[in-house]
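Here is the structure we will look at, set down as structure tokens.
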Amino acid sequence: MLDMKRIREVPELVRQGVQNKNEKGDVDAVLVIDRRRRDIIAEVEQLKNTRNVVSQEIAQLKKEKKDADDKIAEMKVVSDSIKQLDEELRIVDVDLRDRVLALPNICHESVPVGRSSADNVELRSWVPPHTMRLNEEPEHVVLDHIELGKKHGILDFDRGAKLSGSGFPLYVGQGATLERALINFMLDTHLREHGYREVFPPFVVNTESMYGTGQLPKMSEDMYRCADDDLYLIPTAEVPITNMYRDEILEAEQVPSYFCGYSACFRREAGSYGKQTKGFLRVHQFNKVELVKFARPEQSYDELESLVGNVEHILQLLEIPYRVLLLCSGDTSFSSAKTYDLEVWSPAENTWLEASSCSNFEDFQARRANIRFRPEGAQSKPQFLHTLNGSGLATSRLMVAILENYQTPEGKIIVPKPLQPYTGFTMIG
RNA sequence: GGAGAGGUGGGUGAGUGGCUGAAACCAACGGUUUGCUAAACCGUCGUACUGGGAAACUGGUACCGAGAGUUCGAAUCUCUCCCUCUCCGCCA
């Protein structure tokens, strides 16, 4: 949620920002309603002041056993007016809030203005020395992850579909072990080398939490909902981890703090059938290790860079080719002010696959979720902090990259070195 | 699923419909004292919205789980809802 003061003070900047994101949002209507709201407040508070003062006088008169009927009659009228204005104010408040909530976050000045993914900027790419050259014709047949999974009996999409439907992968044998190894390796690396604190969150959350991080109301059709209990399956651990501090005020020394947590992620992916849906490329349930930072506003962009660095480190240790994109304004998500995407190389698809998205939300989520901190210690005035998060990383896309990049000419799969202590085997097949 | 208890500031916890934004205590912060620590003493110590002011600051309004009602006036009375905790049953 944007700061109403900011909208009021620099409306043209907000208008431009909304446009740059290819979002709709009526800034002018917001300004008009805001004006109306403050007029009502001025009027109703004046009346309430009168009521309070006269009520005191009535109390005084009664104490002195004098007659107060005139004043009481007078106040009856005032009270009715207050009731009317309060009702009007309530309606205006809701309307204003809905409209402000519909405005996207404004991109940081370093974000290139652009319409679509075509305008994203590739900042750098990294190719480990020992993997195959990306743009060369491979020397042997390259199997895709589905064929590899079937060949070794480690991924069973058919039985997954029998159990739950398409898009619910079933890992078997060494595939299941590799998946678990990947999760543990990523968690351990972030905890031990990057200073994150581990969280194991609930996988279902309530509506308030979904509003807090901005999944609701916009993305409701993309989430699994348990209607009987009014709970949602989380689409990412970002939701529970960021909401840990919803409606709280953190102490100065708690900011910045870094959290890292594994969760299964559930997405309905409604309306996306047909595009890149085979195998792991788009699934309804996947595993992800998520990084979340609560940062001081003046440091949040440095924190974003180090967050991306933490994710890159994982890919470098695993020796998986990747590239880093800076998303343009039009491709940056609703709540984010600046986002980097990390994409891993799929030799079978001959394309890059998004495996991580790292964003600085500035105070957009914090304002929604009401997460504040006291910057100068116990006596200082609370202010909104900045939230950041990034996938560190999603295993489904990573699994594709590992299987495909680490396949031998015979179609066997080498387990990446850092995962071997976790798997207990060095080769699949 | 059954039975019960309870939601008041950072915490504990008072609070006969008007003098209660809210006692007291603890924590925190500033200070005095002190060789250091401790103790003691003094002071400060909610948030949001809105108006004035360049600002320090200041006027007003609201907030005692949420919402509605009664009333000139509600933390206090009434109703509805939400949440938390405890015990029993069932179960991982």
Side-chain angles (χ1 to χ4, degrees), chain A residues 1-10 30-101 200 202-212 216 226-232 240 243-255 257 264 294 363 366-385:
Chain A
M1 181 165 68
L2 291 175
D3 185 2
M4 190 58 228
K5 283 200 199 79
R6 187 175 168 199
I7 302 173
R8 212 179 283 150
E9 279 159 20
V10 285
V30 166
L31 290 173
V32 169
I33 295 165
D34 173 57
R35 182 68 260 168
R36 173 85 188 115
R37 171 174 174 272
R38 286 185 294 152
D39 288 344
I40 296 174
I41 286 173
E43 195 179 344
V44 75
E45 289 194 349
Q46 182 57 49
L47 289 174
K48 283 180 179 173
N49 181 244
T50 307
R51 181 180 69 185
N52 288 344
V53 170
V54 176
S55 286
Q56 288 301 319
E57 293 171 8
I58 292 170
Q60 189 60 35
L61 287 174
K62 293 224 162 177
K63 211 184 237 173
E64 294 166 7
K65 308 271 190 231
K66 291 181 185 164
D67 176 67
D69 290 352
D70 287 355
K71 285 184 190 289
I72 287 176
E74 201 181 309
M75 282 311 99
K76 241 179 188 141
V77 178
V78 171
S79 269
D80 283 347
S81 309
I82 290 173
K83 213 167 267 181
Q84 261 180 32
L85 283 171
D86 265 343
E87 174 63 12
E88 199 175 333
L89 181 61
R90 199 186 57 79
I91 293 167
V92 169
D93 261 338
V94 170
D95 188 22
L96 183 64
R97 187 179 159 77
D98 285 350
R99 285 171 186 271
V100 173
L101 280 176
F200 203 133
F203 293 179
V204 288
V205 298
N206 55 27
T207 346
E208 289 78 19
S209 298
M210 283 300 187
Y211 273 101
L216 286 177
C226 312
D228 285 347
D229 303 291
D230 204 20
L231 293 170
Y232 292 86
N243 276 285
M244 284 196 303
Y245 293 132
R246 174 156 47 83
D247 294 323
E248 290 192 34
I249 301 174
L250 304 190
E251 297 306 326
E253 60 272 15
Q254 288 178 277
V255 184
S257 53
F294 298 91
D363 64 6
R367 200 173 282 284
R368 261 175 184 252
N370 192 25
I371 309 171
R372 293 174 294 171
F373 78 116
R374 299 186 191 276
E376 322 284 353
Q379 299 296 309
S380 60
K381 202 172 144 56
Q383 67 171 257
F384 292 109
L385 45 70

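Convention: sequence-line order gives letters A, B, ...; per-chain numbering from 1.
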Checklist entry - What integer distance in Å separates Ile58(A):CD1 from rA74(B):P? => result 12 Å

Checklist outcome for this item: The nucleotide from rU47(B), rU50(B), rG18(B) with an atom nearest the side chain of Arg374(A) is rU47(B)

Next on the checklist: Say we look at rC45(B) and rU58(B): how far apart would their P atoms be, to the nearest angstrom?
Outcome noted: 11 Å

Item to check | Interatomic distance at P, rU37(B) relative to rU32(B), whole Å | outcome: 13 Å

Checklist entry - Over how many whole Å does the gap from Leu61(A) atom CG to rG18(B) atom C1' extend? => result 12 Å

Next on the checklist: Over all strands shown, is Asp69(A) touching base, sugar-phosphate only, or nothing at heavy-atom distances under 4.0 angstrom?
Outcome noted: nothing

Checklist outcome for this item: Rounded to the nearest 0.5 Å, the CZ atom of Arg368(A) sits from the CZ atom of Phe384(A) at a distance of 12.5 Å

Checklist entry - Does any N or O in the side chain of Asp229(A) come within less than 3.5 Å of the main-chain N or O of Leu231(A), such that one atom is a donor and the other an acceptor? => result no

Next on the checklist: Without decimals, in angstroms, what is the distance between Lys5(A) NZ and rU50(B) P?
Outcome noted: 6 Å

Item to check | Residue Arg51(A), side-chain atoms from C-beta onward, closest of rG73(B), rC19(B), rU47(B) | outcome: rG73(B)

Checklist entry - What's the spacing between Lys83(A) NZ and Ser81(A) OG if we round to 0.5 Å? => result 11.0 Å

Next on the checklist: Rounded to whole Å, please give me the gap between CD1 in Ile249(A) and P in rG11(B).
Outcome noted: 10 Å

Next on the checklist: By the 4.0 Å heavy-atom rule, please label Arg97(A) as base, sugar-phosphate, or nothing.
Outcome noted: nothing

Checklist entry - RNA chain B: Thr50(A) or Arg372(A), which has the more 5' nearest nucleotide? => result Arg372(A)

Checklist entry - In whole Å, what separates the P atom of rG11(B) from that of rU16(B)? => result 22 Å

Checklist entry - Roughly, in whole Å, what's the span from CD1 in Ile82(A) to P in rC72(B)? => result 13 Å

Item to check | Atom pair CD (Glu251(A)) and CZ (Arg374(A)), whose distance is rounded to the nearest 0.5 Å | outcome: 6.5 Å

Next on the checklist: One pair to check against side-chain contact (heavy atoms from CB on, under 4.5 Å): Glu43(A) and Leu85(A). What are the steps and the verdict?
Outcome noted: CA-CA 8 Å; Glu43(A) 195 179 344; Leu85(A) 283 171; 3.9 Å; yes

Checklist entry - Are the side chain of Ser209(A) and the backbone of Val205(A) linked by a donor-acceptor contact shorter than 3.5 Å? => result no

Next on the checklist: Under 4.0 Å, heavy atoms only, any strand: does Ile41(A) hit a base, just the sugar-phosphate, or nothing?
Outcome noted: sugar-phosphate

Checklist entry - Roughly how many Å is it from CD in Glu208(A) to P in rG65(B), rounded to a whole number? => result 18 Å

Next on the checklist: Nearest 0.5 Å, please: how far is CG in Asp95(A) from CZ in Arg97(A)?
Outcome noted: 12.5 Å

Next on the checklist: Roughly how many Å apart are rG9(B) and rA3(B), using the C1' atom of each and rounding to a whole number?
Outcome noted: 33 Å

Next on the checklist: Using atom C1' in both nucleotides, what's the gap between rG10(B) and rA5(B) to the nearest angstrom?
Outcome noted: 25 Å

Checklist outcome for this item: Among the nucleotides rU50(B), rC72(B), rG60(B), whichever has the atom closest to the side chain of Glu45(A) is rG60(B)

Checklist entry - Expressed as a whole number of Å, how far does the P atom of rC26(B) sit from that of rC81(B)? => result 42 Å

Item to check | Gap in Å between the two P atoms, one belonging to rG35(B) and one to rC29(B), rounded | outcome: 24 Å

Item to check | Rounded distance in Å - CD (Glu251(A)) to C1' (rC29(B)) | outcome: 11 Å

Checklist entry - In Å, rounded to the nearest 0.5 Å, how long is the span from CG of Asp86(A) to CD of Gln84(A)? => result 10.5 Å

Next on the checklist: Counting only side-chain heavy atoms from C-beta out, which of rG73(B), rU47(B), rG51(B) sits nearest to Arg38(A)?
Outcome noted: rG51(B)

Next on the checklist: Looking at rC45(B), I'd like to know if its phosphate oxygens (OP1 or OP2) sit under 4.0 Å from a side-chain N or O belonging to Lys381(A).
Outcome noted: no

Next on the checklist: From the set rU70(B), rG60(B), rA62(B), return the single nucleotide nearest to any side-chain atom of Asn52(A).
Outcome noted: rA62(B)

Checklist entry - Choosing from rC49(B), rG51(B), rG18(B), which nucleotide comes nearest the side chain of Ala59(A)? => result rG18(B)

Item to check | OP1 or OP2 of rG60(B) under 4.0 Å from side-chain N/O of Asn49(A) | outcome: no

Checklist entry - What interatomic distance, in whole Å, is found between P of rC64(B) and the corresponding atom of rA75(B)? => result 6 Å

Checklist outcome for this item: CZ of Arg372(A) to CG of Leu385(A), rounded to nearest 0.5 Å, is 10.0 Å

Checklist entry - Out of rA68(B), rC72(B), rU70(B), which nucleotide sits closest to the side chain of Arg90(A)? => result rA68(B)

Checklist outcome for this item: Picking from rG73(B), rG18(B), rU50(B), the nucleotide nearest the side-chain atoms of Ser79(A) would be rG73(B)

Checklist entry - What is the minimum heavy-atom distance between Leu47(A) and Val78(A), and which atoms define it? => result O-CG1, 3.9 Å

Checklist entry - Where does RNA chain B pair, written as one dot-bracket string 5' to 3', with Watson-Crick or G-U pairs under 3.5 Å, ( ) inside the strand, [ ] for crossing pairs and | for another strand? => result ((((((((.[[[..)..(.....]]].(((((.......))))).(((((((....))))))).[[[[[..)....]]]]])))))))....

Item to check | Among rG18(B), rU61(B), rC49(B), the nucleotide that comes nearest once only the side chain of Lys48(A) is considered | outcome: rU61(B)

Checklist entry - The side chain of Lys76(A) lies closest to which of these nucleotides: rA62(B), rA48(B), rC72(B)? => result rC72(B)

Checklist entry - How close or far is atom P of rA48(B) from atom CZ of Arg37(A), stated in whole angstroms? => result 14 Å

